[in-house]
Every structure is written in C-alpha cells, then in structure tokens.
Visitor: 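If you scroll down you'll find the structure; I have some questions about it.
Hydrogens, waters and symmetry mates play no part in the numbers below; they use all other heavy atoms, side chains included. Reminder, nothing fancy here: chain letters follow the sequence lines and each chain counts from 1.
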2 protein chains.
Amino acid sequence: MSTQQGFERRYQAPEREPIIEVDERLFLKSAARSFYVLEAFARSPRPLSLAEVAKGAKISKSAAQRVVQTLLVLGYLERSPTGTGVIPGRRILDRSFDYLRSNPLIERATPILTELRKTCGERVDLSLFDDVTILYAIRLQSKRETFYATLSGRRMPTFATAGGRAMLACLDDRHADDIVRRSKLAPLTPKTLVDPALIRQRVEEARRDGYAYVLEESLLGEIVVAAAVIKERNMPVGAIHIAGSLADWSAEDFRKRFAPLAIEAARALSG
Amino acid sequence: MSTQQGFERRYQAPEREPIIEVDERLFLKSAARSFYVLEAFARSPRPLSLAEVAKGAKISKSAAQRVVQTLLVLGYLERSPTGTGVIPGRRILDRSFDYLRSNPLIERATPILTELRKTCGERVDLSLFDDVTILYAIRLQSKRETFYATLSGRRMPTFATAGGRAMLACLDDRHADDIVRRSKLAPLTPKTLVDPALIRQRVEEARRDGYAYVLEESLLGEIVVAAAVIKERNMPVGAIHIAGSLADWSAEDFRKRFAPLAIEAARALSG
DNA sequence: GCATGTGTATCGGCGGTCGATACAACCGTT
DNA sequence: AACGGTTGTATCGACCGCCGATACACATGC
C-alpha cells in the first residue's frame with residue numbers, strides 16, 4: 001500500500017525518505033512530455049512559438065511539433081489570435097471544472113464561503129494545502145481586487161500566508177519546520193517574515209489562538225486572517241482566509257472581528 | 001466523443017469543410033490517452049478505479065495503469081482519500097491559472113466585471129464562445145447561488161443561454177442556424193425553447209436590441225441578460241451576463257435596468 | 001471455501017515515436 | 001532583390017518505449 005511516491009512523498013513525515021523512486025517502467029515519458037509543454041506557459045504566459053515550446057519543455061523541435069499538433073486537436077492548446085504561436089486552450093477549463101466538481105471539500109465549502117462573504121463583505125478564499133505552497137481553490141472577491149487576487153489556481157508560499165501558517169500550526173513541529181526549511185524564503189513584500197525563528201513563533205501563536213494572521217506580508221496594505229480546515233488526525237487540508245484592506249480597518253479591529261468567523265467556518269468544514 | 005475532428009473547424013464558416021484533417025502521422029496517440037483519462041472524470045465526477053478509468057478512457061487496463069501512475073507522479077491525478085480509486089489532481093488548477101493568465105480578454109475583463117458586479121449587485125459572468133457550447137470563464141456570484149453557478153469551466157448550450165444567443169446574433173444567419181442545427185436541443189427547464197424557429201426569432205431580436213435575454217430557460221426563477229464581446233469582423237469571442245432572480249425583479253424591470261450595463265461593459269471589452 | 005473486486009508487477013515483441021533534415025512562407029535589413 | 005532571421009510544415013528510417021496479456025497479493029462479501 002505504501003508504494004507510490006512522488007506525490008504522497010510530500011505528505012510523509014519529514015524524516016522519511018521516499019521509499020522507492022517512481023517505477024521507471026510504468027512512467028510514460030511520452031505522455032509526460034505533453035504536460036511539460038502545457039507547463040511551459042507557467043513560466044511565460046504569452047503565445048509561444050514552436051521553438052519556444054521546445055525549449056520550455058526541454059524537448060526537441062520535432063517532439064514539440066507533434067505534441068503541439070496533438071494538443072491543438074484536443075483543445076488543450078489554441079493558436080494564438082496574433083497568428084503566430086500557441087496559447088493554452090479552453091479545454092483546460094473543462095478539466096478544472098471536473099476537479100472542482102470532484103472535490104467534496106469544494107462543494108461543501110461553497111455555500112459556507114458564500115455566506116461568510118456576505119456577512120464579512122471582505123474577500124474570502126479557500127486554499128488547499130500542498131506542502132511548501134498553498135493553492136487557492138475558491139476566491140470570492142470584494143469590491144476592488146488586483147487581477148491575481150481573483151484567480152483560483154494561484155499558488156503562494158505556505159510560510160508567508162495566513163492560511164499557510166494556520167495549516168503549519170496543525171502539523172507537528174518537525175514537519176512544520178521541514179516545510180519552512182525547504183521553502184524558498186524570498187520576501188514578497190518588504191514586510192514578509194523570512195527568519196525561520198520568527199515564522200515558527202507566528203506558527204506557535206496560530207496554534208495557540210486557533211487562527212493565523214499576516215500583515216502586509218504578501219501584499220502591502222492587506223491584512224488576512226485564516227483558520228485551517230482539518231481532516232482526521234489533525235491533518236490540514238485547506239484554510240479559509242478573510243482578507244481586508246488596512247485602508248478600511250485597523251489590524252486589531254480586523255482580527256477581533258473576523259478571526260472568529262474564519263474559525264467557525266473552518267470548523268464547519270473540518271472532520 | 002467528438003474531441004477528435006479538430007478545433008479549428010468550429011470556427012470556420014459553416015459551408016467550409018475542415019481544411020486539413022489532422023495529420024495522422026503527427027498525432028500522438030499515447031499522449032492523447034492521458035487526456036482521455038482525465039476526461040473520464042467529466043462523465044463521472046467521483047473516484048474511479050483502475051478498471052473504471054480503463055473503461056472510461058477506452059484503453060486497456062495495462063495502459064490505464066501506466067497512465068494513472070504517470071499522472072499521479074505529475075500531480076494531475078491524486079489517490080482518492082477514501083483509499084480506493086483516483087480523482088483529478090490539484091495540479092490541474094495550475095494549468096487553469098495559466099490559461100486565465102495567458103488570456104488577455106480575461107485580464108481586461110476582470111476589473112470591468114468587478115465594477116459591474118458592484119453596481120448591479122447581481123451575478124455577473126464572462127462566458128467564452130465555443131461553437132455549440134459556451135464556457136464560463138469568470139463568475140462573480142451574488143449572495144445566494146447554486147454550486148454550479150459558481151464554477152468557472154462550466155459549459156452550457158449556446159442556444160439556450162443569454163450569452164449564447166447574443167453571440168449567435170453576431171454571426172450571419174447561415175452560421176447561427178448551423179450551430180443551432182448541430183446542437184442537441186434538449187430542454188434544460190420546462191421553459192427552454194427548443195424550436196429552431198423560435199430560437200432564431202430570439203436571436204434576431206437580440207441582433208436588433210444589441211443584447212439577449214432568457215427567462216428561466218436554463219434555471220427556473222432566473223432571468224439573464226447578456227451582450228456579446230466581439231473581435232474584429234463581428235466575430236463573437238465571449239459575452240457578459242447579468243443574472244438575477246425573479247423573486248427580486250420583474251422581467252421588464254430587470255431588462256430595462258441591466259441590459260444597458262451589459263451592453264456598455266461588452267463594448268468596453270470589444271475590438 | 002469461492003467469486004469478484006481492488007492495485008501491483010512482469011516481459012517479449014511490435015510499432016509508434018524520435019529527431020535530423022529539408023522546405024515554404026513571411027518578415028525585417030542591407 | 002538577395003539576405004539572414006524568423007515562423008510553421010512535412011518526411012522517413014531506425015530504434016526503443018510502450019502495448020497488453022497474464023499473473024499475483026490483498027481485500028471484500030456470501
């Protein structure tokens with residue numbers, strides 16, 4: 001049962017090494033290549049020429065040609081309207097629809113988040129735990145937002161986000177420290193904490209209070225409170241974020257007012 | 001499924017045949033197989049066993065085993081938390097993020113939709129034209145919504161949605177009729193129009209008025225107005241929808257009030 | 001016990017893919 | 001108008017990666 005590595009590896013206790021590297025004989029290199037091509041757009045979100053695709057996916061031009069042709073047919077790539085190059089295709093959204101629909105957490109969370117958004121009037125997010133990053137799955141924006149604050153699928157470093165810290169607080173110290181250690185501790189704003197000791201202190205605070213908060217650590221002028229959604233065994237699966245602007249709130253008022261709401265919503269989703 | 005057959009064909013004038021059948025020699029069957037596996041979850045959004053994957057993707061159990069192993073490693077599939085079977089993986093959301101971020105229309109539309117949502121207080125959607133279906137790309141929900149009304153990536157039939165009809169109104173009659181003809185005219189609610197003549201009449205109305213509306217045709221109790229976003233040559237690329245509840249509005253009031261807003265927003269995005 | 005489900009593992013042979021290479025069309029420059 | 005730089009397209013023989021039948025371990029339920 002404990003075969004399979006790769007993905008679950010991230011969820012293993014940090015002292016454990018991956019048991020077996022993935023079975024080389026079952027890994028389809030040619031299938032993986034297609035995904036490498038799609039992933040090239042993560043690095044440069046613009047139309048890519050065949051040569052750029054080849055370079056981005058680290059495959060030969062011939063291979064890129066075949067993959068691109070195939071993905072065009074399937075709809076996972078489209079020809080750029082500018083006439084040259086290809087861009088991600090609409091069919092990708094179908095798959096994300098399947099993902100969201102297949103995930104019971106998302107379905108259960110939606111009405112709760114909607115309600116929360118209504119009572120708060122601030123931005124409300126559901127993020128998913130994924131090792132050194134968190135992944136926004138649902139985002140209910142408030143009045144004004146930056147473009148990226150509206151996109152689900154965005155990843156952020158676990159160590160520098162309220163939801164991330166709330167989830168770290170659910171793990172044992174060793175595991176949490178391991179995640180911080182493996183994180184690239186690059187500041188997102190001048191106020192981002194990058195000292196592991198300070199981060200650990202905030203995580204311990206979160207463990208004590210039942211919620212985490214960050215002040216302008218991922219976006220200047222923004223305050224976020226978050227509470228973790230846990231499965232059995234205290235395993236964090238996601239977090240509920242409430243984000244507001246320091247133009248509207250003092251940090252103290254914001255925490256006092258919204259932290260209990262985040263905690264309550266997270267508890268309703270847990271277990 | 002009709003995935004085969006090429007994407008471009010859909011955008012051609014209906015009298016034109018697909019120019020080039022996809023070059024068989026460039027189409028990577030083994031790469032396509034992986035996507036067939038992911039697409040199996042569109043039909044049954046629950047954990048699938050290896051045998052079900054094989055059946056859903058129409059491949060052998062051995063092939064399914066290899067594909068599943070590969071996609072698990074890449075993160076596009078995950079083991080079901082129930083212990084048996086696999087489900088779509090989080091990594092899919094990364095790709096949809098890339099898609100949304102790569103699409104200039106989405107980026108330009110986001111602030112406009114946000115503003116629109118604020119002034120309307122009702123649900124606001126951006127849909128993309130895709131032949132017989134439309135595809136919701138951005139959804140800004142109002143207070144209360146059904147789960148599916150919140151998911152981007154959802155597809156709806158073009159003929160039965162306000163945005164779809166607004167886009168049909170941009171095409172010439174022959175093309176619009178062709179789309180209706182190729183649509184599966186199954187009613188979504190008791191009020192869905194399925195008579196091609198009646199649909200055409202509504203499309204002509206939309207062409208005259210500059211916007212389309214539907215009354216309980218896709219969801220009982222819901223009224224939607226929509227205006228098309230066009231590129232050059234009147235080619236529709238998407239539509240802006242404003243959706244409200246008949247519990248709050250009379251049909252007349254809703255149209256009078258919101259149609260101009262949808263038209264204005266769509267015009268700001270066009271060209 | 002047996003039947004039926006799950007996921008995992010093996011291996012020889014066939015054929016699908018590899019990638020160098022060549023080509024047509026379109027740009028700007030000079 | 002020939003150039004060097006793109007772009008996407010097309011071809012083909014050789015190799016090796018994948019195909020899929022098959023067998024296994026382990027759970028269920030009756």
Side-chain angles (χ1 to χ4, degrees), chain A residues 1-9 18-37 40 44 46-74 77-87 89, chain B residues 4 6-8 18-37 40-41 44 46-74 77-87 89:
Chain A
M1 199 53 182
S2 54
T3 55
Q4 188 42 33
Q5 28 320 99
F7 214 61
E8 277 149 20
R9 166 192 190 171
I19 318 184
I20 5 175
E21 245 331 300
V22 104
D23 196 331
E24 298 284 344
R25 288 165 298 186
L26 289 178
F27 187 83
L28 300 179
K29 299 191 191 68
S30 62
R33 251 187 286 267
S34 308
F35 291 95
Y36 299 155
V37 167
S44 45
R46 8 164 283 267
L48 296 184
S49 74
L50 213 44
E52 290 172 316
V53 165
K55 192 171 162 192
K58 293 174 182 161
I59 59 181
S60 72
K61 188 189 169 190
S62 297
Q65 179 188 8
R66 286 187 291 269
V67 172
V68 164
Q69 287 290 341
T70 304
L71 294 182
L72 281 171
V73 171
L74 297 178
L77 286 179
E78 296 177 18
R79 293 187 187 285
S80 164
T82 67
T84 179
V86 293
I87 55 177
Chain B
Q4 200 61 292
F7 216 59
E8 299 108 19
I19 317 185
I20 11 174
E21 242 329 298
V22 105
D23 195 331
E24 297 284 343
R25 287 165 298 187
L26 290 178
F27 188 83
L28 299 179
K29 299 191 190 67
S30 62
R33 250 186 288 266
S34 308
F35 292 94
Y36 299 154
V37 167
F41 292 92
S44 46
R46 8 164 284 267
L48 296 184
S49 74
L50 213 44
E52 291 172 314
V53 165
K55 191 170 164 192
K58 293 174 182 161
I59 58 181
S60 73
K61 187 188 170 191
S62 296
Q65 179 189 10
R66 286 187 291 269
V67 172
V68 164
Q69 287 290 341
T70 304
L71 294 181
L72 282 171
V73 171
L74 297 177
L77 286 180
E78 296 176 19
R79 292 189 186 285
S80 165
T82 67
T84 177
V86 293
I87 56 177

Visitor: Rounded to whole angstrom units, what separation is found between the CD1 atom of A:Ile59 and the P atom of C:dG19?
Guide: 9 Å

Visitor: Return the minimal non-hydrogen interatomic distance between A:Val53 and A:Ala64, and the atom names on each side.
Guide: CG1-CB, 4.0 Å

Visitor: B:Lys61 NZ to D:dC19 C1': how many Å, rounded?
Guide: 15 Å

Visitor: Could you tell me whether the side chains of A:Ser62 and A:Ser60 share a donor-acceptor contact shorter than 3.5 Å?
Guide: no

Visitor: Can you tell me the distance, in whole Å, between the CG atom of B:Leu28 and the C1' atom of D:dC19?
Guide: 16 Å

Visitor: Which of these passes side-chain contact (heavy atoms from CB on, under 4.5 Å) with B:Thr70: B:Val67, B:Val73, B:Leu74?
Guide: B:Leu74

Visitor: Is the phosphate of C:dG19 approached by A:Ser62 (side-chain N or O, under 4.0 Å from OP1 or OP2)?
Guide: no

Visitor: Once rounded to the nearest 0.5 Å, what's the spacing between atom NZ of B:Lys61 and atom CD of B:Gln65?
Guide: 7.5 Å

Visitor: If you pin A:Arg33 and A:Val86 to their nearest nucleotides in DNA chain D, which one's is more 5'?
Guide: A:Val86

Visitor: Determine, stepwise, if the pair A:Glu52 / A:Arg46 fulfils salt bridge (Lys or Arg N to Asp or Glu O under 4.0 Å).
Guide: CA-CA 11 Å; A:Glu52 290 172 316; A:Arg46 8 164 283 267; 2.8 Å; yes

Visitor: I need the minimum non-hydrogen distance between A:Gln69 and B:Leu26, along with the two atoms involved.
Guide: CG-CD1, 4.0 Å

Visitor: Picking from D:dG20, C:dT17, D:dT9, which would you name as closest to the side chain of A:Gln65?
Guide: D:dT9

Visitor: Mind listing the residues from residues 48-56 of chain A sitting with a heavy atom below 4.0 Å of DNA chain C? Number order is fine.
Guide: none

Visitor: For B:Phe27 and C:dT17, what is the distance between atoms CZ and C1' respectively, to the nearest whole Å?
Guide: 14 Å

Visitor: Between B:Arg79 and C:dG7, does any side-chain N or O lie under 4.0 Å from OP1 or OP2?
Guide: no

Visitor: Can you measure A:Lys29 atom NZ to C:dT17 atom C1' for me and round it to whole angstrom units?
Guide: 12 Å

Visitor: Using a 3.5 Å limit for the pairing distances, which stems of at least 3 consecutive Watson-Crick or G-U wobble pairs does DNA chain C take part in?
Guide: C:1-5 with D:26-30, C:7-23 with D:8-24, C:25-27 with D:4-6

Visitor: Expressed in angstrom and rounded to an integer, what is the separation of B:Gln69 atom CD from C:dT10 atom P?
Guide: 12 Å

Visitor: Can you tell me how far the OG atom of B:Ser49 sits from the NZ atom of B:Lys55, to the nearest 0.5 Å?
Guide: 9.5 Å

Visitor: Among B:Val86, B:Leu48, B:Ile87, whose side-chain contact (heavy atoms from CB on, under 4.5 Å) with B:Ser80 holds?
Guide: B:Ile87

Visitor: Under 4.0 Å between a side-chain N/O of A:Arg66 and OP1 or OP2 of C:dT17, yes or no?
Guide: no

Visitor: Answer with base, sugar-phosphate or nothing: what part of the nucleic acid does A:Gly85 contact at a heavy-atom distance below 4.0 Å?
Guide: sugar-phosphate

Visitor: Could you tell me which non-hydrogen atom of B:Phe35 sits nearest to which non-hydrogen atom of A:Ser34, and how far apart they are?
Guide: CE1-CB, 3.9 Å

